[in-house]
Undergrad: 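Got a structure here, written out as structure tokens. Questions coming.
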There are 2 protein chains.
Amino acid sequence: MVTLAEVARHAGVSASTVSYVLSGKRSISTSTRLRVEQSIHELGYHPNAGARALASSRSNIIALMIPLRTDMYVPVMMEIAVAVATTARTHGYDVLLLTGEEGPDAVRRVAGSGLADAMILMDVELDDERLPLLRDTAQPSVLIGLPADTSGLTCVDLDFRATGALCVEHLATLGHRDIAVIGEAPAVYERHTGFAERTLDGIRSRARESGIGLLHRPCGGGYDATAATLARILDERPGTTGFVVQNEQAVEPLLALLRQQGRAVPEDVSVIAVCPDQVAVQASLRLTSVSIPAQDMGRQAVERLVAKLDGTGTDEVVLIAPELTVRTSTGPAPSTAV
Amino acid sequence: MVTLAEVARHAGVSASTVSYVLSGKRSISTSTRLRVEQSIHELGYHPNAGARALASSRSNIIALMIPLRTDMYVPVMMEIAVAVATTARTHGYDVLLLTGEEGPDAVRRVAGSGLADAMILMDVELDDERLPLLRDTAQPSVLIGLPADTSGLTCVDLDFRATGALCVEHLATLGHRDIAVIGEAPAVYERHTGFAERTLDGIRSRARESGIGLLHRPCGGGYDATAATLARILDERPGTTGFVVQNEQAVEPLLALLRQQGRAVPEDVSVIAVCPDQVAVQASLRLTSVSIPAQDMGRQAVERLVAKLDGTGTDEVVLIAPELTVRTSTGPAPSTAV
DNA sequence: ATCCATCGTCGAAGCGCTTCACTGAGCTGG
DNA sequence: CCAGCTCAGTGAAGCGCTTCGACGATGGAT
């Protein structure tokens, strides 16, 4: 393993000079800088991460904690994770992957050992048990998702309240008067996942304002669960003409079921989904949807975090505005005459 | 930040003693051990990762490289990643997440900087550009997936050849004489992804042995692509009664299409999929499938790697035997009389 | 009683880097 | 013409840990 000292010797300078060339924290004459860079290249030198971390008390690692609870739609998580990793790299950071197994202890361990300089937490619950720890720690952190109490925290998330409202608004504008929400799995609501509750909130208040009839039913993923949910909804409110789906696993089953029942989309019923664009365009029908900007969330989280690490950047809540893309699954409500 | 020295002072022993208590590399009397452990607990001591890495030249970090090429089925990758992370933790390792962005340079950087002690590579191509680097490096590594030349490498993968054969065998036993393979996206084959080619290999040779007619068509994910692929297949070989699907994104569309065309599954046609169990049971029909043991692959990869790091463990190729679960999507071939 | 292992503990060296304090050399300006 | 800069470079301290060799104290074998 090539060391800094060897590079220094090879270039005929002192170790500190090499270090300064690397970090750029002091001005170095062009000639020596080139010489040092040349030596680094020739010897194939890579600074030792451990030594660096020890001396600078900066590991240049960001911990990413993905609890991966059941019933979460995995591709979104993954997309965020990848966005976090690649954005982090552009800022000179690597990403440490933490899963839920360890629970809050992981926070303590990582903060205590200096393994990571900062952390990003995904899949935050409204009253997450990791939050008190986070507030106590000096370690900068960013949440992806919104807890109930955001004081002293930096959070990045899609504005799910506005998302819910946007969906209802779109359907209302098209003349729908009775809509149903096919939601996430019951477990998601039971554990008070922020995004699910906030979406519902947005939907409810907008529906109330517009005087629209609303039914919300959680729905486990898959065909059978969706079939049961749909049956229940149509049983309770046969007049339902609009569906808001916030559950990627229910999208395709729902479309298949409606088709089977002879209900044409969008002529008879409209369907609007809250899902990644990819799901919306790959479905058997190009779905009108509010997309989940996974990439953007990952990127923003890292950028806030890096800002904090650099001293700029304060605690704040970043809500990404939802964007509705109209595709072919929504249309005017059928006239009641039919 | 509490240091080892403070713990030592608190416990009234020397620093080295504390270190030995932590590592267990020398025998320590029960009384002092307890005293030290007590101090560690009271002070809330966590060993500094950087210092440890520097002194021991072991970071206790495993790098996990996920290129995440297009058209890969993400949930499987994620499941593997999570299995890797949790298994690694049980062995005292953390996981560093590397994406494809950096390409082969990431291997060089991580190996050179001592950031990680070892690496796991996912989504390996038959002739992967990272392999030469890997062979050169002293760094232990394990591949998830099989390249063309496995000499000097440790690999873990599902036995996709056997998987392909198993699928054909199952259909053959049921009397099907003409089968079609709905494969991964064209791009997957173009870049010579090992698992896709090996599955096809297994399917082909088994079909040849059994004198079964075979048609293979790559298929982009989603409804439209699947529709096109299916139409082509039925056009070329109207007598096809069995489908092997190796593309999670085509499963549900295929079922929907068959239904629409009035072809009953499994009475008229049989469908067998190579996919995670979750996909097989959540589909609109409980699918006969060969499951992709993502968890197992992740776990085994880590265990081989840890064995290598411990000095035990040699280069070898671990092929996990495929398991076929018969569900309701396959049945006897319809008699030709019909 | 004596010798040699073994056990439990300590001190110190050093892992490879960053960073602070310092030193000349070369300028500028009064 | 020199005080007072800035600029480039050096040396050394030390980050917190592991680990090696040393050492006194036991204790079993001789």
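Naming convention: chains lettered A, B, ... in sequence-line order (proteins, then strands); numbering from 1 in each chain. These numbers come from the heavy atoms of this one structure, side chains and all, not from hydrogens, waters or symmetry mates.
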Undergrad: Less than 4.0 angstrom between a side-chain N/O of A/Ser29 and OP1 or OP2 of D/dG9, yes or no?
TA: yes

Undergrad: Does A/Arg26 place a side-chain N or O at less than 4.0 Å from the phosphate oxygens OP1/OP2 of D/dA8?
TA: no

Undergrad: Is there a side-chain contact between B/Ser27 and the phosphate of C/dG8, meaning an N or O under 4.0 Å from OP1 or OP2?
TA: yes

Undergrad: Under 3.5 Å, side chain of A/Asp117 to main-chain N/O of A/Ser59, donor-acceptor pair present?
TA: yes

Undergrad: Identify which nucleotide among C/dG11, D/dT18, C/dC17 has an atom closest to any side-chain atom of A/Asn48, counting heavy atoms from C-beta outward.
TA: C/dC17

Undergrad: Taking only the side-chain heavy atoms of A/Tyr20 (C-beta and beyond), determine which of D/dC17, C/dT19, D/dC15 contains the nearest atom.
TA: C/dT19

Undergrad: Hey, which sits more toward the 5' end of DNA chain C by its nearest nucleotide, B/Arg35 or B/Ala55?
TA: B/Arg35

Undergrad: Nearest whole Å is fine: how far is C/dG16 P from A/Arg58 CZ?
TA: 23 Å

Undergrad: Closest to the A/Lys25 side chain: C/dC15, C/dT19, D/dC15?
TA: C/dT19

Undergrad: In whole Å, I'd like the distance from the CZ atom of B/Arg52 to the C1' atom of D/dC15.
TA: 16 Å

Undergrad: Less than 4.0 angstrom from a charged side-chain N to a carboxylate O is my criterion; do A/Arg69 and A/Asp128 meet it?
TA: yes

Undergrad: The side chain of B/Thr3 lies closest to which of these nucleotides: C/dC17, D/dG16, C/dG11?
TA: D/dG16

Undergrad: Does any N or O donor sit under 3.5 Å from an N or O acceptor when you compare the side chain of A/Ser16 with the base of D/dG11?
TA: yes

Undergrad: Side-chain N or O of B/Ser56 less than 4.0 angstrom from OP1 or OP2 on D/dT18?
TA: no

Undergrad: Side chain to side chain donor-acceptor pair (under 3.5 Å) between B/Ser16 and B/Ser19: does it pass, once the steps are laid out?
TA: CA-CA 5 Å; B/Ser16 44; B/Ser19 177; over 6 Å; no

Undergrad: Tell me what A/Ile28 touches on the nucleic acid: a base, only sugar-phosphate, or nothing, going by heavy atoms under 4.0 Å.
TA: sugar-phosphate

Undergrad: Any side-chain N or O of B/Ser19 below 4.0 angstrom from OP1/OP2 of D/dT18?
TA: yes

Undergrad: Taking CD from B/Glu6 and C1' from D/dC17, how many angstroms apart are they, rounded to a whole number?
TA: 14 Å

Undergrad: Do the side chains of B/Asp159 and B/Arg198 get close enough for a salt bridge, i.e. N-O under 4.0 angstrom?
TA: no

Undergrad: Which listed nucleotide (D/dC17, C/dT19, D/dT10) is nearest to the side chain of A/Val13?
TA: D/dT10

Undergrad: Could you tell me the separation between the CG atom of A/Leu54 and the P atom of D/dG14, rounded to a whole number of Å?
TA: 14 Å

Undergrad: Please state whether the phosphate of D/dG9, meaning OP1 or OP2, lies under 4.0 angstrom from any side-chain nitrogen or oxygen of A/Thr32.
TA: yes

Undergrad: Could you give the CZ-to-C1' distance, from B/Arg9 to D/dG16, as a whole number of Å?
TA: 13 Å

Undergrad: Using whole Å, what does the distance between atom P of nucleotide C/dG16 and atom CG of B/Leu115 come to?
TA: 16 Å

Undergrad: If you find the nucleotide of DNA chain D closest to B/Gly50 and the one closest to B/Thr17, which residue's nucleotide is nearer the 5' end?
TA: B/Gly50

Undergrad: Would you kindly give the CG-to-C1' distance between A/Leu4 and D/dG11, to the nearest whole Å?
TA: 14 Å

Undergrad: For B/Leu43 and D/dG16, give me the distance from atom CG to atom P, rounded to whole Å.
TA: 15 Å

Undergrad: Closer than 3.5 angstrom, by distance alone: can the side chain of B/Arg135 be matched with the main-chain N or O of B/Ser151 as a donor-acceptor pair?
TA: yes

Undergrad: Is the closest basic N to carboxylate O distance between B/Glu102 and A/Arg89 below 4.0 Å?
TA: yes

